[in-house]
Amino acid sequence: MFKAKIFLPSLFLFAFFFSITSALWPIPQKWTKGDDTLVVYPSIPIKLNPNTAKILSVKSQQAFTSAKNRLQKFLAQERYVSPNVKFNISSKAKQLDHVIINVSTDQDFEINIDESYTLEISEETLVAEISAKTVYGALHGLTTFSQLVYYDNDYLKHEKHQRLYLPFAPHKIVDAPAFEYRGLMLDTARNYYPIEDILRTLDIMSWNKFNVFHWHIVDATSWPVVTKAYPKLSEKGAYDPKTMIYTKQDISIVDEYAKMRGIHVVPEFDMPGHTQAIASGYPEIVSCANEQPRWDLYAAEPPSGQLNPAIPETYTFLENIIPELTSYFSEKYYHAGGDEVNMECWNQDASIKYYLGNNSGSSLNTLIAKFIDKTHELVRKSKKIPIAWQETVVEYNLTLGKDTLIQVWKDDVTSKQVAKKGYKMIMGTSDYWYLDCGHGAWIGNSVNGTSWCDPFKTWQKIYSYNPTSGLTEEEAKLVIGGEVLLWSEQSDPTNLERMLWPRSSAAAEVLWSGTNNRNVVEALPRLHDWRFRMVKRGVQAEPLQPLWCARNGGCDLPQS
């Protein structure tokens with residue numbers, strides 16, 4: 001059949017297969033399509049409307065140029081043949097002429113920026129037209145376009161020039177995110193990740209339409225960030241002070257790289273808990289540092305250690321370090337942590353006992369309030385907005401500024417408590433969106449141990465999560481989005497992509513496409529296609545099923 005195409009170019013010639021699915025991930029809000037196939041050459045022009053070029057700032061122009069170059073690289077390298085997306089191929093297929101971008105406004109890069117776009121591909125004009133309010137919406141349109149294009153091994157082996165196919169034309173897509181905050185958290189403190197791994201993660205995040213990289217950059221185990229004010233933090237607290245560090249320049253590279261992909265980098269410097277690494281260089285301000293062997297009395301996991309909120313040296317440290325750390329990042333949000341403070345750690349500290357005994361009305365709760373208030377005050381002085389973990393307002397019952405974002409990592413009961421206090425929320429419950437669960441205990445002598453958040457979170461479990469679950473309609477408006485989280489006790493660069501993908505893609509669709517009308521049976525063929533496309537792009541994404549199931553379907557449990 002395929003040889004006949006050489007000798008009979010005027011005939012319509014079709015693939016043997018029918019279309020099982022027409023795949024996009026995340027699924028657009030509205031999508032109408034046809035059944036024709038267009039030819040796309042990798043050299044297809046990608047143009048800015050002249051009127052658009054006039055209104056865009058230099059930064060927006062740079063973001064567009066970066067996205068255009070990435071798309072052209074994708075098209076030049078594209079060799080993706082889907083296991084389950086089959087389409088008609090005709091020797092008379094028309095050629096798509098160009099891609100045109102229309103942007104109507106130039107807005108500052110904020111988390112709540114307008115990211116909507118439309119993508120229309122016409123058989124009559126042979127033009128792919130992307131229209132958006134902002135350049136960042138246009139970036140999403142280009143990302144969607146890159147998923148519409150396929151390669152065909154059998155047909156193209158006889159062609160002198162590479163050409164690709166864009167099936168199911170004409171297309172009309174009207175799309176916008178359901179949530180403004182669509183995040184992925186990576187812990188780079190428990191195990192170290194070189195900058196190139198972080199940049200690669202940002203690439204894959206952008207393909208999945210994530211827009212926030214929550215960088216949990218320090219923790220009790222290591223402090224890899226180089227600072228001028230306290231150089232011993234990284235000299236003594238990093239795993240290696242020369243090779244396992246992040247300099248100001250490194251952070252700037254990540255920040256700019258992310259921005260060109262429409263991603264905000266939100267740093268987290270968790271305090272006062274999870275701070276044993278500070279004791280490596282500045283032990284005088286840390287309580288219960290690395291208590292052994294009964295670390296369990298003083299911390300959720302080893303090593304124990306918390307900043308001492310009763311001594312003036314700690315507040316001098318905050319006053320010097322927070323302005324420097326906030327200056328490293330362009331994003332207006334700064335995650336100040338505040339989770340898992342262990343009161344027993346402070347109870348056994350002599351200086352804290354002395355403070356409480358000599359300050360009438362003081363308690364551990366007033367001390368933590370003093371510490372968090374000071375931290376957030378310094379964050380705001382640096383013209384940033386604080387993010388805090390749920391414990392600050394639920395367990396410690398603190399009153400924080402109403403601009404503070406609260407990150408919820410527990411259950412519906414917790415989100416309800418936060419909502420009643422009127423705070424905006426980022427959701428990412430450990431019951432659904434913790435990616436590190438289910439790999440057994442990492443504590444060395446725990447032979448039959450399990451991870452605390454078992455079981456493993458499958459893509460189906462992740463996909464089933466509703467970030468507004470348990471909330472009233474009014475309370476749900478406080479949820480600005482959510483994030484999947486990879487804590488790195490058992491992850492490092494060797495398994496990073498397998499731990500993240502394609503499970504994170506399931507959360508990406510929830511956050512982009514919304515919580516209505518989700519169905520794992522409908523989603524699976526599209527996720528298969530997307531996972532295989534990511535693999536073809538070089539991502540070590542885990543398989544979802546045997547290849548037979550991806551090609552043929554029919555691997556669901558029978559319904560009685």
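Keep in mind that what you see is a predicted model, and the values were worked out from it rather than measured. The chain is numbered in sequence order, starting from 1.
Closest heavy-atom contact between Thr399 and Asp373: O-OD1, 4.3 Å. Contact record, Leu398 with Ala369: CD2-CB, 3.6 Å, taken as the closest heavy-atom pair. Residues Glu78 and Tyr151 share a closest heavy-atom pair of O-CD1, 3.5 Å. A pairwise comparison of heavy atoms in Ser491 and Leu486 identifies OG-CD1, 3.7 Å as the closest pair. Of all heavy-atom pairs spanning Thr105 and Val103, the tightest one is O-CG1, 3.3 Å. Closest approach of His214 to Tyr181, counting heavy atoms only: CB-OH, 4.4 Å.
A side-chain N or O of Asp219 and one of His274 form a donor-acceptor pair less than 3.5 Å apart. In summary, the side chains of Asp529 and Ser82 do present a donor paired with an acceptor at a separation below 3.5 Å, with no hydrogens or angles considered. Side-chain contact, Asn88 with Tyr165: no donor N or O sits under 3.5 Å from an acceptor N or O. The closest side-chain donor-acceptor pair between Ser116 and Lys133, if any, does not fall under 3.5 angstrom. Between the side chains of Tyr465 and Asp431, not a single donor N or O lies within less than 3.5 Å of an accepting N or O. Between the side chains of Ser469 and Asp412, at least one donor N or O lies within less than 3.5 Å of an accepting N or O. Side-chain atoms of Asn208 and Ser505 form a donor-acceptor pair, as typed in the model, at a separation below 3.5 Å.
Below 30°, between 30° and 60°, or above 60°: for Trp512 and Tyr117 the angle between ring planes is between 30° and 60°, a tilted geometry. Ring orientation note: the planes of Tyr150 and Phe87 are tilted relative to one another, at an angle of 30° to 60°. Note on ring orientation: taking the six-membered ring where Trp is involved, the planes of Phe269 and Tyr334 are parallel (angle under 30°, cut-offs 30° and 60°). Using a 30° and 60° split on the angle between ring planes, Phe213 and Trp215 fall in the tilted class, from 30° to 60°.
Only one option out of Leu139, Ile46, Ile101 pairs with Lys68 in a side chain to side chain contact (heavy atoms under 4.5 Å, CB included); it is Ile46. When each of Arg526, Arg182, Lys209 is checked for a salt bridge (Lys or Arg N to Asp or Glu O under 4.0 Å) with Glu509, only Arg526 meets the rule. Across Leu38, Leu96, Leu75, a single residue satisfies side chain to side chain contact (heavy atoms under 4.5 Å, CB included) together with Val149, and that is Leu75. Exactly one of Asp114, Ile113, Ile480 qualifies for a side chain to side chain contact (heavy atoms under 4.5 Å, CB included) with Glu180. That residue is Ile480. Of the listed residues (Glu391, Gln390, His335), just one forms a side-chain hydrogen bond (donor to acceptor under 3.5 Å, both in side chains) with Gln407, and that residue is His335. Considering Leu325, Ile322, Ile387 as possible partners of Val379, the one that fulfils the side chain to side chain contact (heavy atoms under 4.5 Å, CB included) test is Ile322.
Formation of a donor-acceptor pair under 3.5 Å by the Thr404 side chain with backbone atoms of Gly401 is found in this model. Under the 3.5 Å distance criterion, the side-chain polar atoms of Asp106 are matched with a main-chain donor or acceptor of Ser57. With hydrogens and angles disregarded, a donor-acceptor distance shorter than 3.5 Å links the side chain of Asp270 to the backbone of Gly338. The backbone N or O of Ser488 sits less than 3.5 Å from a side-chain atom of Asp187, completing a donor-acceptor pair. Of the possible donor and acceptor atoms, none in the side chain of Asp175 sits under 3.5 Å from a partner among the backbone N and O of Ser513. In this structure, the side chain of Glu268 does not engage the main chain of His216 through any donor-acceptor pair within 3.5 Å. Put simply, the side chain of Tyr136 never gets that close to the backbone of Glu110: no donor and acceptor are under 3.5 Å apart. Side-chain atoms of Thr468 never come within 3.5 Å of backbone atoms of Leu471 as a donor-acceptor pair (strictly under, hydrogens ignored). A donor-acceptor contact shorter than 3.5 Å links the side chain of Thr221 to the backbone of Ala189. Under the 3.5 Å distance criterion, the side-chain polar atoms of Arg537 are left unmatched by any main-chain donor or acceptor of Arg533.
For an aromatic pair to be called close, the ring centres must be under 6.0 Å apart, and Tyr246 with Tyr192 satisfies this.
With rounding to the nearest 0.5 angstrom, the CZ atom of Phe179 is 6.5 Å from the CG atom of Leu511. Rounded to the nearest 0.5 Å, atoms OG1 (Thr326) and NZ (Lys384) are 6.0 Å apart. To the nearest 0.5 Å, the span separating CG on Leu142 from OG on Ser66 amounts to 10.5 Å. In this structure, His171 NE2 and Leu24 CG are separated by 7.5 Å, a value rounded to the nearest 0.5 Å. Once rounded to the nearest 0.5 Å, the distance linking CH2 of Trp501 with CH2 of Trp207 reads 9.5 Å. Going from atom CE of Met534 over to atom OH of Tyr80 covers 10.0 Å, rounded to the nearest 0.5 Å.
Because its NZ or CZ atom is not both nearer than 6.0 Å to the ring centre of Phe109 and within 45° of the ring axis, Lys259 does not count as a cation-pi partner of that residue. Annotation: cation-pi pair Arg70/Phe74 absent, no NZ/CZ under 6.0 Å from the ring centroid and within 45° of its normal.
Side chains of Cys437 and Trp452 form no contact here, defined as non-hydrogen atoms less than 4.5 Å apart. Within the 4.5 Å cutoff, the side chain of Val265 has no heavy atoms near those of the Val212 side chain. With contacts defined as side-chain heavy-atom distances shorter than 4.5 Å, the pair Lys421/Leu400 does not qualify.
Annotation for Asn517: atom CG does not count as buried by contact number, only 12 or fewer foreign heavy atoms lying within 6.0 Å. Crowding of Lys536 atom NZ: a count of heavy atoms from other residues, nucleotides or ligands under 6.0 Å not exceeding 12.
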Worksheet item: Step by step, would you call Asp203 with Arg261 a side-chain contact (heavy atoms from CB on, under 4.5 Å)?
Response: CA-CA 7 Å; Asp203 279 329; Arg261 286 150 183 78; 2.7 Å; yes
